[in-house]
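Below is one structure; the comments refer to it alone.
This is a predicted model, so every value here is computed, not measured.
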Amino acid sequence: MNTKTERLVVIGAGMASGRLLEHLTEEARGAFDITLFNAEPRGNYNRIMLSPVLSGDSTWEEIVIHDDAWYAERGITCRFGEHVIAIDRKRKVAVGQKGEVPYDRLVIATGAAPFILPIAGNDMPGVLTYRDLDDTNAMIAAAGKGGSAVVIGGGLLGLEAAAGLKARGMDVTVVHLMGHLMERQLDEAAGYLLEKDLEARGIRVLTRAATKAIIGKGHVEAVILEDGRILPADLVVMATGIRPETRLAVDAGLEVERGIVVDARMITSDPAILALGECVEFEGHLFGLVAPLYEQARVAADTLMGRESRYVVREVATRLKVTGVDLFSAGDFAEGEGREDIVYRDPGRGIYKRLVVEDDRLIGVVMYGDTADGNWFFDLIRDRTPIDEMRDNLIFGPAAAEGGAAADPLSAVAALPPEAEICGCNGVCKGKIVAAIEGGAHDLAAVRAATRASASCGSCSGLVEQLLELTLGDAFEAPAAEPICGCTDLTHEEVRRLIRATPLKSQEAVWQELGWKTRNGCHICRPAINYYLLAEWPLEYRDDPRSRFVNERRHANIQKDGTFSVVPRMWGGLTTPAELRAIADVAERYDIPAVKVTGGQRIDLLGVRAEDLPRVWADLNAAGLVSGHAYSKGLRTVKTCVGSDWCRFGTQDSTGLGVRLEKVLWGAWTPHKVKLGVSGCPRNCAEATCKDVGIVCVESGYQIGVGGAAGMEVKATELLAQVATEDEVVEIVTAFIQLYRENARYLHRPYKWLETVGLDWVKARVVDDPDERRRLVERFEISQSVYRKDPWAEQVAAHADEFAPLAEIRMEAAE
Amino acid sequence: MSWFDIGPVEALPMRGARRVRTPKGCIAVFRTAEDEVFATAARCPHKGGPLDEGIVHGRKVTCPLHSWVFDLATGEALGEEGRVATYPARIEKGRVLIDLSQLVMRGTA
Ligand code: SRM
Ligand SMILES: Cc1cc2nc3c(=O)[nH]c(=O)nc-3n(C[C@H](O)[C@H](O)[C@H](O)COP(=O)(O)OP(=O)(O)OC[C@H]3O[C@@H](n4cnc5c(N)ncnc54)[C@H](O)[C@@H]3O)c2cc1C
Ligand code: SF4
Ligand code: FES
């Protein structure tokens, strides 16, 4: 035993210093005369377990690590409830609120402090953070009064707070800035599953939501988001991250970056002072979980006892302590080249696993729903075990080293509840179809006869066949259907129906629930899925520009040299001198090399540089011109002829009707482009009879034709209806377009779609059934409430800077 | 190595790209869904399509002109004869850095 005792002062009685003291007092009892300061009026407790205390699953007594007796037995002088306010390095004293204590060596273990968003109202009564027992008790007290809580921050702490408050009966909303929850630990897929689980437990989750301010009179009443939404709140918990608690070290002149800088022996820039825990920074790393802190405690103890020991950063693993939520993440699943993914999904059971492999080693893992093998994977990561030989079955865990089962492609259909609608036309649910199959209907025709499922438009045939296969097993042989692309085994129609029936409202949901074989699709399926989602859920789904081809993302047509063409809308082919002047000015102002009259009765500005697009649009907007969507799978042109206004043969106002139709339909996204024509008489100068929808005016009214084509195929329209008034034309055409939007496969023009469903099927809905027609128009209008607006103006307002290069690099610096 | 700081990560759209101009041609800088960054020459080796305007999926990009697909890490065209130059890229403290020493050498050699 040492003869000379050393005076050791420890600032902070948290989890890191607690472990350090255990080592010192066990391995070198009596060697140190220890004084322990803690700002909290208590000693070391298991901070991690505050969440079970909050939710009521645990009590304070259960989470104390060191009680009074423990400190007394070891002769540690405790100064709890006392802040250290300064360190005087010259005189080697720690200055506490109640007096100084001299040291030979000093340990700083002040942990971290919650980061407070710099927004109005952040200090209002009712706004809490989540760090210590007092915060936890304050939350429990607030929850006792009921009402609603808003948790700002969807990371580990925020979600545990949310689950705890929910368990105590509050209405809880989590507001998260990023696109998915726990983005630092989880990828998008696992984040999606987590969000879904939390929502199923009644916790509302808002992602991509930025908090603007907290308001209230004397006590919080609501949280205001940047987008203007107002969330009523009786309690606000701010869990937006932590900052190393470095104030003492900064004041004392120690080297501090984001944390207190330490070397591998945990020594700061002053050799007499050590630091460990969340307050330190080591080789650029900060720490937020206990496992590495315990390793630091081991090293710091060795250093103090004069033993050689070095700290190395190791991978950490995260689990979330929310009952019933099973997630695990470890290692590195982002950044870097030469990495490959192994993905496994079992939609039926809500399971997702992803392994990241680099150089024949596992370097990262994310698991959701089934984390039993988490530690096994974690060991592979930490031990850097070569995985070459087990690679094929690695994802199935240690048990399956020799041959595991692949995900069942039918599991998405198997997972549907009995009441899920399979046949939309005839309203037949899964349960009824399965009952029919069990009752002896053993092929598609028999199911059709028994239930009418797939008897109309037929787009659910694939799903019915899958139900046959599921119910009958090998006894049923499904005819091969063509999947959308290599990312899935499902066809367009099947995916569409499942989006509706399940229901699925995000791309992540589609990839996950339908067992996509790739992480986030490809250039073939992504635009299709994006369309299906926005057509199905216009209000809930947000269009994803990153899943669109360049033209639709840039709102201009790309040219072979990378420039763009710009076509402003000319309603029904009409223009004015002022518009023409504005177009001419723009062409000169931006050196636009070509101006051409298009085959669609408007003017094309060709060869516009990408970075000029926002200004070109702004100038055109100023003259009242909007996008002509010459680039979109959406409404293009409505060609008209002069009609009764001028033409000696004109029977009706074809120009006016064309303008009216264009104003109703513009902006709508459709499976493929849609073009209309309105001719004033059967001489048909607007070429209406080869358009997707063509109206020919006659003395007694209007003939509405559909399914024309004049591109790679040429086809005349077929008569859908003949009506007497313009109002009827507008209603029937709108209903037809909506039916097409809801049912056609992506990239099928109306004539292609009509080949599969038949004109009679369309007539039955759009012409013969006025209620159905009205419902179609209503749904179209709901969608148009989002999409009937000028995308150019929007791009100019919100994204103009994205059209210029991000940076300009001059090489001199490098040469 | 000559690392250039081209801006904050958030300036790159998730599953998207931005263009960086240099005296030796434009570079496309990509950000994947997993927050990885990659840099390649912006010109498609097929007929010069702007790769920064392509759809980014997994660690691949599809050229907007004729749908060649490139592996962002290696620059290889998948199923086609062709390759696009790649440059090291990384994220550090929220900033995107690209290393253009190869570009400099290629230009001065
Ligand atoms: C500009 C224009 C040619 C012109 O100078 O007149 C044009 C230009 C293009 N057409 Fe067209 N089409 C134009 C009228 C037509 C017409 C005539 C019409 O609309 O009355 C047709 C036949 C009718 C039809 O739509 O089928 C037509 C049938 C096509 C097709 C074949 C479609 C089909 O289903 O068979 C394509 C290819 C496609 O969409 O997949 C196409 C594709 C294209 C693209 C977008 C090719 C591309 O992807 O880059 C061209 C873009 C050029 C550019 O950069 O601006 N264009 N294109 C016309 C623009 C009309 C407008 O004001 O919006
Ligand atoms: C609710 C919650 C759940 C968590 N869940 C997990 C989990 O599941 N897994 C995991 O690994 N980690 C979890 N953590 C993180 C983990 O608790 C921390 O990483 C760990 O407690 C940090 O230990 P520390 O000793 O560095 O700091 P702390 O434990 O914070 O201790 C620092 C102490 O220093 C005191 N102090 C600060 N300044 C002064 C001063 N000037 N004078 C005197 N005293 C001072 C503070 O009052 C505090 O008591 C969780 C944290 C919280 C809050
Ligand atoms: S016909 Fe249409 S697609 Fe073909 S070159 Fe002319 S504009 Fe382009
Ligand atoms: S230019 Fe890129 S694929 Fe043709």
Side-chain angles (χ1 to χ4, degrees), chain A residues 178-180 183-184 187-189 258 284 333-341 343 354 356 364 366 487 508 518-527 544-551 553-554 558-563 610-611 799 801-815, chain B residues 2-7 11-24 26-27 29 32-38 42-43 47-50 52-65 67 69 72-74 86 88-93 96 98 100-101 103-104 107-108:
Chain A
M178 306 303 287
H180 68 270
E183 76 284 349
R184 289 170 50 207
D187 61 15
E188 226 178 329
R258 287 177 300 162
F333 48 89
E335 280 178 62
E337 296 186 16
R339 291 182 182 178
E340 279 174 85
D341 278 348
V343 177
R354 176 165 154 252
V356 183
V366 184
C487 301
E508 202 56 60
T518 49
R519 197 25 219 108
N520 47 29
C522 70
H523 64 276
I524 299 169
C525 59
R526 277 250 298 280
D544 173 26
R546 299 288 142 205
S547 299
R548 289 190 171 280
F549 292 115
V550 52
N551 289 359
R553 183 155 26 82
R554 286 303 194 202
I558 197 161
Q559 308 294 299
K560 60 188 211 172
D561 62 355
T563 63
E611 54 261 48
H799 304 286
D801 53 342
E802 286 167 24
F803 287 82
L806 174 59
E808 168 109 41
I809 290 180
R810 289 197 200 93
M811 284 300 178
E812 303 90 72
E815 279 168 321
Chain B
S2 34
W3 289 94
F4 291 88
D5 180 333
I6 58 158
L12 298 177
M14 186 75 103
R15 285 194 254 111
R18 289 290 296 276
R19 170 175 282 250
V20 170
R21 217 185 331 238
T22 85
K24 295 185 176 136
C26 285
I27 308 279
V29 186
T32 68
E34 319 303 349
D35 246 348
E36 307 160 292
V37 289
F38 295 96
R43 263 181 74 85
K47 289 189 176 171
D52 52 311
E53 298 286 5
I55 290 184
V56 178
H57 46 102
R59 301 168 130 215
K60 302 196 257 302
V61 65
T62 301
C63 176
L65 290 197
S67 298
V69 179
L72 291 172
T74 63
T86 58
R90 63 184 159 97
I91 303 178
E92 199 175 288
K93 300 199 174 138
V96 179
I98 55 178
L100 297 179
S101 38
L103 185 70
V104 174
T108 48

Between [X] and [Y] (side chain of the first, backbone of the second, donor and acceptor by atom type, cut-off under 3.5 Å), is there such a pair?
X         : Y         : result
Asp341(A) : Val343(A) : no
Arg553(A) : Pro545(A) : yes
Asn551(A) : Ile558(A) : yes

Between [X] and chain B, which part of the residue has a heavy atom less than 4.5 Å away: side chain, backbone, both or neither?
X         : result
Asp544(A) : side chain
Glu183(A) : neither
Arg554(A) : side chain

Contacting region of [X] [heavy-atom separation from chain A under 4.5 Å]:
X        : answer
Val69(B) : side chain
Leu12(B) : side chain
Leu65(B) : side chain
Ala42(B) : neither

Between atom CG of Asn520(A) and atom OG of Ser547(A), what is the distance when rounded to the nearest 0.5 Å? 8.5 Å
Using the test side chain to side chain contact (heavy atoms under 4.5 Å, CB included), find all partners of Pro527(A) that sit at least two apart in sequence or belong to another chain. Phe549(A), Tyr746(A), Ile55(B)
If we define contacts as heavy-atom pairs under 4.5 Å, which of Arg546(A), Arg258(A), Arg526(A), Glu808(A) has the most with chain B? Arg546(A)
Interface check, chain A: of Met14(B), Arg19(B), Arg18(B), most non-hydrogen pairs under 4.5 Å belong to Arg18(B)
Charged N-O contact under 4.0 Å between Glu508(A) and Arg519(A): yes
With His180(A) via ring pair (Phe, Tyr, Trp, His ring centres under 6.0 Å) - residues at least two apart: none
